[in-house]
Enquirer: 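One structure follows; several queries about it will come next.
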Amino acid sequence: MATTEVLLVKPVEGLGGEGDQVKVRAGYARNYLLPRKIAVTLNASNKKHVESLKKRRAEREQNELSAAQELAKKLEKTSLAFAVKTGEGGKMFGAITANDIHDKLVASGIELDKRKIHLFNPVKTLGKHDVKIKLHADITVELPFDVVSENPIEPVAEEAAPAGEKTEKRSERRPRKE
C-alpha cells in the first residue's frame, strides 16, 4: 500500500491536530486532505510552519478546555426533572432518552452537542438517575435528574378474579351418573 506523509493544517478527528506530521494512504491525501486544504505535503518549506501551527493548536486546545470548564460549572448548578405519564403501579409510558435530556438542557439555556451526552440505556423507571456528559477529554460531568409521575400512582389491580371464575364453572357442573 502506498503511503505518504503530510502536515496537518486543520484538526482531523481520529488523525491528529494542526502541526502533526501523519502518515496516511496516498489516495486519502491526494483525494481528500490536499484538495480541501486540510493538509499540505511534507517538504522543507512547509516544515517551517510547524511551530506556528503547534502554537495555534495550543491556543485552540486551551480555549476548548476553558469553555468546557465554564460549561461544567453551569451544568453542576442545573437540576432537571421529567414529568411522565404512568399507568398502574407507577409503570412509565415511554422512556427518557439522551435526546430528551438534550432538549431539556437547551430549554434551560445550555447549548451542548447531543453526542456528548452518554446515557447508555433509556430510563424506564421513576426516581433519581444520573447521566454522564463528556465535555472534553479531561472533563466529564455527572448530571443527576429526577423522573416523576405526572398523575397519581394507582395501585395494581388484582388478577385473581379470572382464576376464581374457572373454579365456579367447575362447581356448576353436574355430577356424573354412576
Enquirer: Under a 4.0 Å threshold between the charged nitrogen and the carboxylate oxygen, would Asp20 count as salt-bridged to Lys54?
Expert: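 So Lys54 does not pair with Asp20 through a salt bridge.
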Enquirer: NZ/Lys85 to CG/Asn151 distance, rounded to the nearest 0.5 angstrom?
Expert: 8.5 Å
Enquirer: For Lys134, look at atom NZ and say whether over 12 heavy atoms of other residues, nucleotides or ligands are found less than 6.0 Å away.
Expert: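 Counting neighbours around NZ of Lys134, 12 or fewer heavy atoms of other residues, nucleotides or ligands fall under 6.0 Å, so no.
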Enquirer: Could you check Lys37 against Val9 for side-chain contact (heavy atoms from CB on, under 4.5 Å), going step by step and ending with a plain yes or no?
Expert: CA-CA 7 Å; Lys37 298 184 180 175; Val9 178; over 6 Å; no
Enquirer: Do Val106 and Glu111 touch side chain to side chain, with heavy atoms closer than 4.5 Å?
Expert: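 Val106 vs Glu111: side chains touch.
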Enquirer: Any chain of hydrophobic side-chain contacts (each under 4.5 Å) joining Leu143 to Leu112?
Expert: yes
Enquirer: Measure the shortest side-chain to side-chain distance between Leu42 and Val6 over non-hydrogen atoms and say whether it is less than 4.5 angstrom.
Expert: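 No. Closest side-chain heavy atoms not under 4.5 Å.
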Enquirer: What pair of heavy atoms forms the shortest contact from Leu126 to Ser149, and how long is it?
Expert: CD2-N, 3.9 Å
Enquirer: With rounding to the nearest 0.5 Å, note down the distance linking NZ in Lys74 to OG in Ser108.
Expert: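 Nearest 0.5 Å value for the NZ-OG distance: 9.0 Å.
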Enquirer: Looking at every heavy atom in both Glu142 and Asp130, which two are closest together, and how far apart are they?
Expert: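 Between these two residues, the closest heavy atoms are OE2-OD2, 3.4 Å.
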Enquirer: How many angstroms lie between atom CG of Asp100 and atom CG of Leu80, to the nearest 0.5 angstrom?
Expert: 11.0 Å
Enquirer: Looking at Ala26 and Thr4, what are the two nearest heavy atoms and their distance?
Expert: CA-CG2, 3.9 Å
Enquirer: Applying salt bridge (Lys or Arg N to Asp or Glu O under 4.0 Å), name anything that partners Lys128, two or more places apart in sequence or on another chain.
Expert: Asp146
Enquirer: Measuring from atom CD1 of Ile139 to atom CG of Leu71, what distance do you get when rounded to the nearest 0.5 angstrom?
Expert: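 The distance works out to 9.0 Å.
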Enquirer: With hydrophobic residues grouped by side-chain heavy-atom distances under 4.5 Å, do Val148 and Val123 end up in a single group?
Expert: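 Hydrophobic grouping puts Val148 apart from Val123.
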Enquirer: Ala98 and Leu119: which non-hydrogen atoms are nearest, and at how many Å?
Expert: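 Minimum heavy-atom separation between Ala98 and Leu119: N-CD2, 3.7 Å.
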Enquirer: Under a single-linkage definition using a 4.5 Å side-chain heavy-atom cutoff for Ile, Leu, Val, Met, Phe, Trp and Tyr, are Leu53 and Val40 assigned to the same hydrophobic cluster?
Expert: yes
Enquirer: For the residue pair His118 and Lys116, what are the closest heavy atoms and their distance?
Expert: CD2-O, 3.1 Å
Enquirer: Determine whether more than 12 heavy atoms belonging to other residues, nucleotides or ligands lie under 6.0 Å from atom CZ of Arg60.
Expert: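 Result for CZ/Arg60: enclosed.
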Enquirer: Test of understanding: with salt bridge (Lys or Arg N to Asp or Glu O under 4.0 Å), list the residues that count as partners of Asp103, not counting sequence neighbours.
Expert: none
Enquirer: For the CE atom of Met92 and the OG1 atom of Thr125, what is their distance to the nearest 0.5 Å?
Expert: 7.5 Å
Enquirer: Is Ile110 reachable from Ile133 through a run of I, L, V, M, F, W or Y residues, each pair having side-chain heavy atoms under 4.5 Å apart?
Expert: yes
Enquirer: Val84 vs Ile96, test: side-chain contact (heavy atoms from CB on, under 4.5 Å). Steps then yes/no.
Expert: CA-CA 9 Å; Val84 294; Ile96 303 296; 3.8 Å; yes
Enquirer: Look at the rings of Tyr32 and Tyr28 and say which category their plane angle falls in: under 30° parallel, 30 to 60° tilted, over 60° perpendicular.
Expert: parallel
Enquirer: How many angstroms lie between atom CD of Glu70 and atom CG of Leu65, to the nearest 0.5 angstrom?
Expert: 10.5 Å
Enquirer: State plainly whether one hydrophobic cluster holds both Leu15 and Val50, where clusters connect Ile, Leu, Val, Met, Phe, Trp and Tyr through side-chain heavy atoms under 4.5 angstrom apart.
Expert: no
Enquirer: Within 45° of the axis and under 6.0 Å from the centre of the six-membered ring of Phe82, does NZ or CZ of Lys104 qualify?
Expert: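 Yes; both conditions hold, so Lys104 lies above the ring face of Phe82.
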Enquirer: Can you tell me if His102 uses its side chain to pair, donor with acceptor, with the backbone of Ile117 under 3.5 Å?
Expert: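 No.
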Enquirer: Without hydrogens or angle criteria, can the side chains of Asn99 and Lys114 be said to hold a donor-acceptor pair below 3.5 Å?
Expert: yes
Enquirer: With respect to Val141, which candidate in Leu75, Val131, Thr78 satisfies the side chain to side chain contact (heavy atoms under 4.5 Å, CB included) definition?
Expert: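 Exactly one candidate clears the test, Leu75.
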Enquirer: Passes side-chain contact (heavy atoms from CB on, under 4.5 Å), Val147 versus His129? Steps please.
Expert: CA-CA 8 Å; Val147 180; His129 302 277; 3.8 Å; yes
Enquirer: Would you check if the side chain of Asn31 reaches a backbone N or O of Gly27 as a donor-acceptor pair within less than 3.5 Å?
Expert: yes
Enquirer: With distance as the sole test, does Asn43 use its side chain to make a donor-acceptor pair with the main-chain N or O of Asn46 at under 3.5 Å?
Expert: yes
Enquirer: Provide the closest heavy-atom pair for Arg36 versus Lys10 in the form atom of the first, atom of the second, distance.
Expert: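 Nearest heavy atoms, Arg36 then Lys10: O-NZ, 4.4 Å.
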Enquirer: Evaluate Gln69 against Asp138 for side-chain contact (heavy atoms from CB on, under 4.5 Å), listing each step before the verdict.
Expert: CA-CA 10 Å; Gln69 288 171 340; Asp138 301 332; over 6 Å; no
